[in-house]
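Below is one structure; the comments refer to it alone.
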Amino acid sequence: MPTPQNNSSSLMASAAERCHSHQCEDAIGFSEAAAQLDPANATIHYYLGICYSGGCRQHSLVDLQVAHVHLDKALSLLGAAADPLERAKIMAALGNTYASSSHMPLKARLLAAIECHQQAARIFQSEGRPDDFAREEFNLGNAFSELPEESVLNKWQNAIENYENALQVRTREKNPDAYAGTLQNLGIACRELRTGDRVENIKRSILCYRRALQVRRRGSHPHGYAALQINLGNSFMSLAEVEKSKAVRHGLRALRHYDQVLALRTEEDQSGEYAMVLFNRGEALVSVALGSACSEVYLREACSCFEEAANYFQQLNNAELVRKSRQRLDTIAQYLDTLKPNTICDTGEPNNPGES
């Protein structure tokens, strides 16, 4: 890094130049030197907070505790008479830092993040900044979603309201990617919501994912498409748990969505996500088998899924999911031993598959 100039403005200009070139460590060096010369400059501390949080990109000096110190300092230096948008900008960054930090208990840091994002959202809304307001509402939805279940009453309802607020701004026409991402998270919140009509909540989640698929198509957004197919499969499995009389129909639908995901994967792309889809596909096959005249066909295919999933979880050193996969295999083996010969179906198709 070249020798710093002798005033904070020049140093910050050099920092901005390095930042633009993705030389983050040098940008921080210039900014730290500027802060020493002008320690009461809130803008410099805000900049350092963003840099240390990895707000632009990840780098070797990311340190959320240091970022927190600088953002707190920037906030205290502003004072009550400061431009509200400047305050909102810092509060938003501070909320992101709380949400990502690991140096505080989960509940405490997420509640702190929620307070920051709520303050920022109110300011952005009152100042006529809809895009910034939508971003803060989206971040609020994420923070509520991540809270432990017992932490806040109606956490999922709160998350739903925040995502819906964001979607008032994040339309498909204006910002299709943000629209799809917000719909996906809204779908998860609806599926998890336990108050009200559970079946309607899950059906609403399915509608959210299908709307998002209008943007995240297989050809143009393969990873986003796969994530939505996984969520659709999970929602149909949730429906199978709630609507027992339609478990076969919902299980078959879940299978189709999981198969869409597995069709996208290659031998070189076998991850924890892939293994989890295999596990969930096994669960869907069990759901279909228990309501089908072809139980053995589906159960043996489920065994293949659980066996393959267990092998991948073993490679990933995930002992808990290996245990669960093996437990499913043992349970199915015991059940297969109890089946009578007339439960075997030559066609491999259930007698009453329901809707396709």
Side-chain angles (χ1 to χ4, degrees), residues 149 156 160 183-213 225-263 273-310 321 324-336 338-339 343-345 347-356:
E149 290 291 338
W156 291 113
I160 288 169
L183 275 173
Q184 178 169 317
N185 288 10
L186 175 59
I188 294 170
C190 290
R191 190 178 76 232
E192 294 294 335
L193 182 64
R194 294 301 192 270
T195 58
D197 188 325
R198 180 88 173 105
V199 171
E200 288 305 313
N201 292 342
I202 299 169
K203 287 182 177 179
R204 185 180 174 195
S205 78
I206 291 169
L207 179 60
C208 288
Y209 302 139
R210 286 176 171 165
R211 288 169 61 195
L213 276 173
Y225 173 86
L228 287 165
Q229 293 293 343
I230 292 171
N231 279 311
L232 279 164
N234 294 344
S235 285
F236 278 113
M237 283 303 297
S238 294
L239 273 182
E241 294 171 7
V242 177
E243 292 190 308
K244 302 291 186 184
S245 63
K246 299 179 181 178
V248 172
R249 176 189 299 179
H250 297 319
L252 288 169
R253 285 173 165 177
L255 282 173
R256 288 200 302 276
H257 291 295
Y258 294 141
D259 287 343
Q260 289 282 335
V261 181
L262 296 176
E273 180 184 88
Y274 177 87
M276 202 66 233
V277 173
L278 283 170
F279 183 93
N280 289 346
R281 185 175 189 273
E283 297 281 30
L285 286 162
V286 170
S287 180
V288 173
L290 296 179
S292 167
C294 310
S295 297
E296 185 176 23
V297 173
Y298 288 112
L299 289 175
R300 293 201 182 282
E301 189 175 351
C303 284
S304 297
C305 288
F306 289 127
E307 184 68 48
E308 190 176 357
L321 288 177
K324 287 185 176 181
S325 299
R326 297 295 180 195
Q327 187 178 58
R328 296 293 191 278
L329 285 167
D330 291 342
T331 301
I332 294 172
Q334 293 172 21
Y335 184 78
L336 284 171
T338 70
L339 289 179
T343 59
I344 299 174
C345 175
T347 65
E349 293 295 329
N351 289 344
N352 181 22
E355 280 185 49
S356 60

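Because only heavy atoms are used, hydrogens play no part in the values below, and waters and symmetry mates are left out as well, while side chains stay in.
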Task: Working for side-chain contact (heavy atoms from CB on, under 4.5 Å), residues His250 and Val288 - done: CA-CA 8 Å; His250 297 319; Val288 173; over 6 Å; no
Task: Side chain proximity check, Arg191 to Trp156, heavy atoms < 4.5 angstrom - done: no
Task: Spacing of OG belonging to Ser304 relative to CD belonging to Glu307, to within rounding of 0.5 Å - done: 8.5 Å
Task: Least distance between heavy atoms, Ser295 atom then Ala289 atom - done: OG-O, 3.1 Å
Open item on the list: Can a donor-acceptor pair be found, under 3.5 Å and without considering hydrogens, that links the side chain of Tyr209 to the backbone of Ile188?
Closed with: yes
- [ ] Supply the atom-to-atom distance Ile202 CD1 to Asp197 CG, rounded to the nearest 0.5 angstrom.
- [x] 9.0 Å
Task: Main-chain N/O of Leu232 paired with Ser235 side-chain donor or acceptor, under 3.5 Å - done: no
- [ ] Considering non-hydrogen atoms only, spot the tightest contact between Ala284 and Tyr258 and give its length.
- [x] CB-CE1, 4.2 Å
TODO: Kindly compute the distance separating CG (Leu186) from SG (Cys208), expressed to the nearest 0.5 Å.
DONE: 4.0 Å
TODO: Output the distance between atom CD1 (Ile160) and atom CZ (Arg204), rounded to the nearest 0.5 Å.
DONE: 5.5 Å
Open item on the list: Using side-chain heavy atoms (C-beta onward) and a distance below 4.5 Å, is Leu329 in contact with Arg326?
Closed with: yes
- [ ] Scan Arg256, Gln260, His257 and name whichever one has a side-chain hydrogen bond (donor to acceptor under 3.5 Å, both in side chains) with Gln229.
- [x] His257
Task: Note, Ser287 side chain near Met237 side chain (heavy atom, < 4.5 Å) - done: yes
Open item on the list: Set out, in order, the CA-CA distance, both residues' side-chain angles and the distance that settles salt bridge (charged side-chain N to carboxylate O under 4.0 Å, His left out) for Arg300 and Glu296, then state yes or no.
Closed with: CA-CA 6 Å; Arg300 293 201 182 282; Glu296 185 176 23; 2.6 Å; yes
- [ ] Considering non-hydrogen atoms only, spot the tightest contact between Asn201 and Cys190 and give its length.
- [x] CB-O, 3.3 Å
Open item on the list: Under a 4.0 Å threshold between the charged nitrogen and the carboxylate oxygen, would Arg194 count as salt-bridged to Glu192?
Closed with: yes
Task: salt bridge (charged side-chain N to carboxylate O under 4.0 Å, His left out) between Glu283 and Arg281, intermediate numbers included - done: CA-CA 5 Å; Glu283 297 281 30; Arg281 185 175 189 273; over 6 Å; no
Task: With Val277, the side-chain contact (heavy atoms from CB on, under 4.5 Å) member among Asn234, Leu262, Asp259 - done: Leu262
- [ ] Determine whether Phe279 and Cys305 make a side-chain contact, defined as any pair of heavy atoms from C-beta on separated by less than 4.5 Å.
- [x] no
Open item on the list: Are the side chains of Ile206 and Leu239 in contact, using a 4.5 Å heavy-atom criterion?
Closed with: yes
TODO: Check whether any side-chain heavy atom of Leu255 sits under 4.5 Å from a side-chain heavy atom of Leu252, and report yes or no.
DONE: yes
TODO: Check whether any side-chain heavy atom of Arg328 lies under 4.5 Å from a side-chain heavy atom of Val286, and answer yes or no.
DONE: no
- [ ] Calculate, to the nearest 0.5 Å, the distance between atoms CG and CG belonging to Leu290 and Leu299 respectively.
- [x] 6.5 Å
- [ ] Decide yes or no for Phe306 and Gln327: does some side-chain heavy atom of the first lie under 4.5 Å from some side-chain heavy atom of the second?
- [x] no
Open item on the list: Rounded to the nearest 0.5 Å, what separates atom CZ in Phe236 from atom NZ in Lys246?
Closed with: 11.5 Å
